[in-house]
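Here the structure comes first, spelled out in structure tokens, and everything after it is commentary.
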Number of protein chains: 2
Amino acid sequence: MADIARMAGVSISTVSRALAGSPLIPDATREMISEIARANGYVVNPFARGLRLKRTQTIGVVIPLGHETRQLISDPFFLEMLGHLADEITLRGYEILLSKIAPPKPGWLETVIQSQRTDGLVIIGQSDQHEALVSASENYEPMVVWGAHLPGQTYCAVGVDNEAGGYLATRHLVDRGRRHIAFLGDAELPEIKQRHQGYLRACREFGLNYDPRLDARSEFTAETAAQASERLVMSGVEMDAIFAASDVIALAAINALKHHGKSVPDDVAVVGFDDSTIAAHTNPPLTTIRQDLQKAAKLLIENLFQRLDGNLTPGDTMAPELVIRQSS
Amino acid sequence: MADIARMAGVSISTVSRALAGSPLIPDATREMISEIARANGYVVNPFARGLRLKRTQTIGVVIPLGHETRQLISDPFFLEMLGHLADEITLRGYEILLSKIAPPKPGWLETVIQSQRTDGLVIIGQSDQHEALVSASENYEPMVVWGAHLPGQTYCAVGVDNEAGGYLATRHLVDRGRRHIAFLGDAELPEIKQRHQGYLRACREFGLNYDPRLDARSEFTAETAAQASERLVMSGVEMDAIFAASDVIALAAINALKHHGKSVPDDVAVVGFDDSTIAAHTNPPLTTIRQDLQKAAKLLIENLFQRLDGNLTPGDTMAPELVIRQSS
DNA sequence: CTGAAAGCGCTAACAA
DNA sequence: TTGTTAGCGCTTTCAG
């Protein structure tokens with residue numbers, strides 16, 4: 001910037017003001033200075049600027065992976081979400097700092113916040129970090145979380161109504177005449193737990209006999225989905241449907257079922273959750289509960305920018321939607 | 001940092017050195033200072049640090065979308081690649097700054113470089129920006145590009161041998177007894193152009209009559225894939241196979257064919273390119289040319305860090321691999 | 001309208 | 001082993 005000032009024959013302050021579009025500088029001067037800057041490939045150094053302004057024009061997108069560490073960042077759910085977030089953030093002229101935290105250590109969130117690399121944070125998924133989020137949110141406002149609304153929650157969350165989604169999926173299977181519906185998913189995660197509660201409510205409401213052997217909700221990762229469904233098939237438990245807590249799990253289940261000579265949906269119907277791009281292309285195409293990730297990203301970023309302006313938004317809950325395909 | 005120094009009863013420099021792990025500081029002092037920092041939730045400000053050190057511990061991942069602007073960042077190819085890159089970069093203790101450039105304006109790359117936000121750059125895809133990459137690479141070394149190796153190329157590229165891939169796909173279709181093979185893809189993009197050249201070579205080599213009506217290689221975006229294949233079907237040209245330049249295009253083609261009562265692969269065989277996660281789950285599962293994106297990400301980052309150390313690596317070419325499924 | 005100067009939080013000579 | 005001090009490149013009072 002000093003160079004530009006010298007070339008333009010003005011002071012550094014004038015260059016700074018001109019390039020920042022200050023109204024103090026006459027158009028002619030500004031043009032002249034901008035032209036010199038352009039010709040010399042000069043771009044304001046955002047670090048120095050950020051240091052001075054304490055603003056970075058950067059939004060942090062962080063993906064905490066707790067005890068589900070093996071769920072890669074490459075999981076289609078994260079990636080679809082990330083794509084939409086990127087579009088929304090870029091649209092507003094901010095940069096994106098992407099972090100994957102695996103596994104989260106105590107104080108990780110405070111470290112991210114204190115480092116002041118970003119003006120705001122969007123956390124994709126609560127993982128098992130609800131406590132950390134609660135405590136960080138007490139004195140850090142520009143943060144939004146994709147996930148479940150939990151009792152006593154102090155942070156801003158955007159998410160689908162998971163309980164309703166679980167209920168919807170299960171009711172649909174009952175409508176299809178199924179009575180022995182298995183659940184597959186890790187209920188340690190808040191969102192999955194709520195889906196599970198919806199499943200239980202539907203089971204109760206429609207008078208299904210609750211069989212704990214059908215309820216595979218602990219020690220679960222996407223990778224073990226195939227094994228879990230195989231175990232179900234081999235165990236000989238009566239089972240005519242599976243509600244999987246995600247499309248990835250559903251896909252694994254379908255493959256395991258086919259592998260053991262069970263036809264989908266004739267022998268066992270399968271319903272997933274997410275409606276990620278793979279859902280429409282499985283064989284058979286997967287009935288699932290849709291989460292509109294584009295809308296989700298929009299809501300997350302809208303909430304975040306409201307908060308950047310000092311409005312403490314409470315977050316949003318989206319309605320889940322049953323998408324019926326051929327797996328049920 | 002001044003606060004911590006005061007609390008510890010030492011100077012700022014001592015704190016700085018202690019926290020940076022300088023060997024000048026005795027362990028006892030370091031422990032004491034670290035403890036105070038931790039207790040007060042103090043984290044070194046990476047901006048100030050970067051300003052001083054002219055290093056950011058950040059790698060920029062940029063996705064230029066040229067005339068194929070409509071190809072969203074949400075395209076599975078980008079997202080899978082991004083996931084693997086994120087893993088590799090995080091592993092090395094660097095942060096990731098994600099940028100989508102759509103559309104690239106003259107000088108965009110210089111701006112990104114001059115802003116000095118990142119220590120190095122990985123560019124995902126050449127798009128139509130070969131010239132820009134060449135000229136930027138003349139005085140900026142820590143940059144690697146995913147894409148084709150082009151004649152007279154001065155920048156470091158990692159990519160699959162696209163020509164060989166195109167040849168492989170086409171030969172496979174010939175092996176399956178097909179003689180009227182259409183090409184679907186935008187040959188404006190260097191990588192696609194090379195795939196097209198492989199296609200042409202195979203056509204020549206196996207004595208297929210070249211029919212320009214089967215050669216849909218201009219004005220192409222993923223979204224128009226369905227229309228293009230419909231046009232092919234409706235035109236009544238004799239066609240018993242399609243080589244699509246990407247899995248997304250292949251998927252669109254399959255849907256269009258089915259929609260018009262053509263069976264895949266009986267009436268028309270289809271081969272894609274990428275082997276993205278959807279490929280295994282289309283109906284029928286898609287025969288395709290695999291690009292190992294995990295390996296690709298590894299190679300890209302290895303090249304980048306070599307270059308960060310001053311070794312001007314030339315890049316790598318990966319062998320494509322034919323993955324035979326049921327669409328051919 | 002423009003410039004001089006202070007300072008954002010940090011690191012690294014240089015001095016002690 | 002530790003402290004003093006001079007910047008890194010920018011913005012912004014404050015004083016012309």
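Every heavy atom of this structure was used, including side-chain atoms; hydrogens, water molecules and symmetry mates were not. Reminder, nothing fancy here: chain letters follow the sequence lines and each chain counts from 1.
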Open item on the list: Taking the nucleotide of DNA chain D with the nearest heavy atom to each, does B/Leu24 or B/Gln116 sit closer to the 5' end?
Closed with: B/Leu24
- [ ] State which of D/dT11, C/dC1, D/dG9 makes the closest approach to the side chain of A/Tyr42.
- [x] D/dG9
- [ ] Let me know the distance between CZ of A/Arg117 and C1' of C/dG9, rounded to the nearest Å.
- [x] 14 Å
Open item on the list: Nearest to the side chain of B/Ala48, heavy atoms from C-beta on, is which of D/dC10, C/dT2, C/dC10?
Closed with: C/dC10
TODO: Measure centre to centre between the rings of A/Tyr155 and A/His149, then say whether the value is under 6.0 Å.
DONE: no
Task: C/dT2 phosphate, OP1 or OP2, under 4.0 Å from A/Thr14 side-chain N/O - done: no
Task: Among C/dC1, D/dG3, C/dG3, the one nearest A/Pro26 by side-chain distance - done: C/dC1
- [ ] Calculate the interatomic distance between B/Met1 atom CE and C/dG7 atom C1'; express it in whole Å.
- [x] 17 Å
TODO: Select one nucleotide: of D/dG9, C/dT11, C/dG3, the one nearest the side-chain heavy atoms of A/Val10.
DONE: C/dG3
Open item on the list: Closest approach to the side chain of A/Arg49, judged atom by atom: which nucleotide of C/dT2, D/dG3, D/dT11 is it?
Closed with: D/dT11
Task: Proximity to the side chain of B/Arg17 - top-ranked nucleotide from C/dA12, D/dG9, D/dT11 - done: C/dA12
TODO: Starting from C1' on D/dT11, measure out to CD1 on A/Ile25 and report it in whole angstrom.
DONE: 13 Å
- [ ] Name the nucleic acid region contacted by A/Ile12, choosing base, sugar-phosphate or nothing; use a 4.0 angstrom heavy-atom cut-off, strictly under.
- [x] base
Task: Cation-aromatic face contact A/Arg92/A/Phe305, 6.0 Å, 45 degrees - done: yes
Open item on the list: Any non-hydrogen side-chain atom of B/Val15 less than 4.5 Å from a side-chain atom of B/Val44?
Closed with: no
Open item on the list: If you compare every side-chain N and O of B/Ser16 against the phosphate oxygens of C/dT11 (OP1, OP2), does one of them come in below 4.0 Å?
Closed with: yes
Task: Euclidean distance, atom CZ of residue A/Arg55 to atom C1' of D/dT11 [Å, nearest integer] - done: 11 Å
TODO: I would like to know whether A/Arg307 and A/Thr313 meet side chain to side chain donor-acceptor pair (under 3.5 Å); could you show each step before the answer?
DONE: CA-CA 7 Å; A/Arg307 290 185 150 247; A/Thr313 56; 3.3 Å; yes
Open item on the list: Just the rounded figure in Å: distance from P of D/dC8 to CG of A/Asp3.
Closed with: 11 Å
- [ ] Among the candidates C/dC8, C/dA12, C/dT11, find the nucleotide nearest to the side-chain atoms of A/Leu51.
- [x] C/dC8
Task: Donor-acceptor pair (no angle test) under 3.5 Å: A/Ser13 side chain, C/dA4 base - done: yes
Task: Candidate nucleotides D/dT1, D/dG7, C/dA5, ranked by approach to the side chain of B/Arg52 - the nearest - done: D/dG7
TODO: Side chain of B/Thr29 only, please: which of C/dC1, C/dG9, D/dT2 is the nearest?
DONE: D/dT2
Open item on the list: In this structure, how many angstroms lie between the P atom of C/dT11 and the CG atom of B/Leu53, rounded?
Closed with: 7 Å
TODO: Check whether any side-chain nitrogen or oxygen of A/Lys54 sits under 4.0 Å from OP1 or OP2 of D/dT11, and answer yes or no.
DONE: no
Open item on the list: Rounding to an integer number of Å, can you tell me how far A/Asn45 CG sits from C/dC8 P?
Closed with: 18 Å
Task: CD/A/Gln294: more than 12 non-hydrogen atoms of other groups inside 6.0 Å - done: no
Task: Length of the CZ-C1' vector between B/Arg6 and C/dG9, whole Å - done: 14 Å
TODO: Return yes if a side-chain donor-acceptor contact under 3.5 Å exists between B/Trp108 and B/Gln129, otherwise no.
DONE: yes
